[in-house]
Protein chains: 2
Amino acid sequence: MDELDETDREILDILLSDSRRSYSAIADAVGLSPPAVSDRIERLQEMGVIRRFTVDIDRSVLAQGVPVLVTVTGVSGAGPDIEASLAAAEETEHVFRTVDDTVVATMTVRATSAGETVRDRLDLDAVREYEIRLLDGRDWQPQVGDATFAPECVECGNTVTEEGERERIDGEVYHFCCASCKSAFVDQYERLSEEA
Amino acid sequence: MDELDETDREILDILLSDSRRSYSAIADAVGLSPPAVSDRIERLQEMGVIRRFTVDIDRSVLAQGVPVLVTVTGVSGAGPDIEASLAAAEETEHVFRTVDDTVVATMTVRATSAGETVRDRLDLDAVREYEIRLLDGRDWQPQVGDATFAPECVECGNTVTEEGERERIDGEVYHFCCASCKSAFVDQYERLSEEA
DNA sequence: CCTGAAACGCCTCCGTT
DNA sequence: AACGGAGGCGTTTCAGG
């Protein structure tokens with residue numbers, strides 16, 4: 001099992017503030033050679049820590065429909081399904097799900113049809129209540145801090161140890177505690193993909 | 001006043017999915033030369049559309065305290081202050097504020113002291129109620145769609161027109177509808193900076 | 001606002017420690 | 001794991017349309 005050391009965290013902090021910084025500039029900052037930085041960044045991607053290099057867009061200067069904050073309180077156990085259906089909507093940008101089946105999402109909807117759009121995306125039998133509010137401000141300050149690498153098995157939920165395995169499926173890295181959890185997950189995933 | 005054309009949106013979409021893509025690769029994709037792409041990206045940064053190049057980190061594979069979703073309902077008009085104080089906390093990653101003075105934030109707090117940490121950051125006189133819930137899932141799918149460039153004056157709230165001005169302060173781009181709004185805002189900003 | 005060519009810098013591969 | 005060098009690609013600058 002890999003670990004995150006202090007140098008990895010420094011590299012992540014630099015990439016968070018400027019992901020286009022050259023490897024040689026990063027290398028100078030952390031005291032390594034450019035190939036070493038390249039290797040580490042590649043490893044961080046393989047580990048699934050870095051999901052992708054992207055860009056922080058200021059949506060407050062863009063006009064594109066109405067930005068809303070949607071809060072959905074699901075019936076017990078319905079959280080993951082609600083999260084999945086909101087995440088699948090093209091109007092959605094962020095989705096957060098809590099352990100008590102509350103899901104908060106930000107969406108950009110056509111001006112007059114906010115409620116309709118949200119209802120269309122949800123299975124209302126699983127929803128206790130929902131609220132839609134106009135969004136008026138947002139901030140984002142990503143940071144790594146002193147985080148350590150500690151993935152959970154997506155099949156059984158256990159923390160992944162030295163013997164763990166991982167697999168990249170459709171561009172996402174999934175972690176497993178053992179080979180049987182991995183094959184169970186992959187089989188299930190393939191079955192669901194074929195149905196769709 | 002600048003505008004966003006279809007090519008700008010294509011470039012933004014490419015950068016959202018991979019901000020390390022080379023200018024020449026982007027140039028091939030959108031049918032321009034590398035210098036033209038470089039110029040456009042520089043312009044998007046000056047316009048404040050691109051805030052920074054960053055990296056999408058999968059926090060679910062990192063262990064770093066407890067991730068929580070904090071929902072604060074403020075008294076009338078207190079939303080912006082609550083937003084600012086939560087955004088200033090180092091534990092905070094995302095903050096969303098609605099027009100009716102509700103603020104939702106995601107934070108990573110030390111295990112035992114979630115409530116304490118949040119209370120320390122807030123002016124409780126301005127808070128009607130707040131809730132702290134354990135975060136268990138998140139998604140992010142940034143996209144540009146058909147957005148147009150339409151900044152609002154940070155001083156008076158009007159939409160900025162051809163005659164608008166902009167200024168970069170502390171790395172952030174601010175838009176103004178006219179020179180007097182700009183100088184009013186800059187004066188106010190400098191006064192507040194000196195006090196702190 | 002864009003293109004094209006040229007100089008420069010950076011990235012990657014690979015052999016080595 | 002990381003370094004160092006060589007080859008090749010990417011970026012930037014500048015003149016020109």
Side-chain angles (χ1 to χ4, degrees), chain A residues 1-55 61 144 146-151 161-166 168 173, chain B residues 1-50 52-55 61-62 144 147-149 151 161-166 168 173:
Chain A
M1 210 58 219
D2 308 90
E3 249 312 321
L4 286 187
D5 65 15
E6 196 47 48
T7 305
D8 291 323
R9 285 188 282 264
E10 282 177 41
I11 292 173
L12 286 172
D13 272 332
I14 291 170
L15 290 175
L16 279 171
S17 65
D18 179 9
S19 61
R20 280 193 82 87
R21 185 90 48 96
S22 72
Y23 291 158
S24 50
I26 300 171
D28 287 344
V30 304
L32 288 178
S33 64
V37 171
S38 169
D39 288 349
R40 278 173 181 263
I41 291 176
E42 203 171 313
R43 202 188 85 239
L44 289 167
Q45 291 182 272
E46 280 162 13
M47 289 163 76
V49 175
I50 293 178
R51 210 184 259 138
R52 68 184 177 299
F53 301 99
T54 186
V55 62
V61 303
V144 179
D146 57 359
T148 57
F149 185 61
T161 63
E162 301 276 345
E163 295 79 30
E165 309 195 2
R166 58 174 169 247
R168 186 175 286 270
V173 176
Chain B
M1 208 58 218
D2 308 271
E3 249 312 321
L4 243 47
D5 66 15
E6 195 50 43
T7 305
D8 291 322
R9 284 188 282 265
E10 281 177 41
I11 292 173
L12 286 173
D13 272 331
I14 291 170
L15 290 175
L16 280 170
S17 65
D18 180 9
S19 61
R20 280 194 82 88
R21 185 90 48 94
S22 71
Y23 291 155
S24 50
I26 300 171
D28 287 345
V30 303
L32 290 178
S33 63
V37 171
S38 169
D39 287 349
R40 277 171 180 263
I41 290 176
E42 205 171 310
R43 203 188 82 239
L44 289 167
Q45 290 182 274
E46 280 162 14
M47 289 164 75
V49 175
I50 293 179
R52 69 183 178 297
F53 300 99
T54 187
V55 60
V61 304
L62 299 181
V144 180
T148 57
F149 185 59
T161 63
E162 301 277 345
E163 295 79 31
E165 307 196 1
R166 57 173 170 247
R168 186 176 286 269
V173 176

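Quick note: numbers below take in every heavy atom, side chains included, and nothing from hydrogens, waters or symmetry partners. Computed from a predicted model, the values in this text were never measured in an experiment. Each chain gets a letter, A, B and so on, in the order its sequence line appears, and its residues count up from 1.
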Using whole Å, what does the distance between atom [atom2] of nucleotide [N] and atom [atom1] of [X] come to?
| X | N | atom1 | atom2 | answer |
| --- | --- | --- | --- | --- |
| A:Asp28 | D:dA2 | CG | C1' | 15 Å |
| B:Ile26 | D:dG10 | CD1 | C1' | 12 Å |
| A:Leu32 | D:dC3 | CG | C1' | 10 Å |
| A:Glu6 | D:dA1 | CD | P | 17 Å |
| B:Asp8 | C:dC1 | CG | P | 10 Å |
| B:Glu3 | C:dC1 | CD | C1' | 16 Å |
| A:Leu4 | D:dA1 | CG | C1' | 16 Å |
| B:Glu42 | C:dC1 | CD | P | 12 Å |

Counting just side-chain N and O atoms, does [X] come under 4.0 Å of either OP1 or OP2 of [N]?
| X | N | result |
| --- | --- | --- |
| B:Ser22 | D:dC9 | no |
| B:Ser33 | C:dG4 | no |
| A:Arg20 | D:dT11 | yes |
| B:Arg21 | D:dG10 | no |

Quick check on side chain to side chain contact (heavy atoms under 4.5 Å, CB included): which of A:Leu44, A:Asp146, A:Thr148 does A:Leu4 satisfy it with?
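Of all the options given, the one that passes is A:Leu44.
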
Using the side chain to side chain contact (heavy atoms under 4.5 Å, CB included) definition, which of the options A:Leu15, A:Asp13, A:Ile14 pairs with A:Ile11?
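Among A:Leu15, A:Asp13, A:Ile14, the one that satisfies the side chain to side chain contact (heavy atoms under 4.5 Å, CB included) with A:Ile11 is A:Leu15.
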
Starting at the 5' end of DNA chain D, which residue's closest nucleotide do you reach first, B:Ser24 or A:Val37?
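So the residue in question is A:Val37.
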
Want to settle it: does A:Arg43 or B:Asp39 sit nearer the 5' end of DNA chain D, counting the closest nucleotide to each?
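That would be A:Arg43.
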
Can you check whether A:Arg21's main-chain N or O pairs, donor with acceptor, with B:Arg20's side chain at less than 3.5 Å?
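Yes, because the side chain of B:Arg20 sits within donor-acceptor range (under 3.5 Å) of the backbone of A:Arg21.
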
Checking A:Asp28 side chain against A:Ala25 main chain: does a donor-acceptor pair fall under 3.5 Å?
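Flag not set: sc A:Asp28 to bb A:Ala25 has no pair under 3.5 Å.
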
Candidates C:dC13, C:dT3, D:dA1 - which lies nearest the side chain of B:Ala36
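Per side-chain heavy atoms of B:Ala36, the pick is C:dT3.
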
Side chain of B:Pro35 (C-beta onward), nearest among C:dT12, D:dT13, C:dC1:
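So the nucleotide nearest the side chain must be D:dT13.
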
So which atom in A:Phe149 and which in A:Glu3 form the shortest heavy-atom distance, rounded to 0.1 Å?
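Closest approach of A:Phe149 to A:Glu3: O-OE2, 3.5 Å.
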
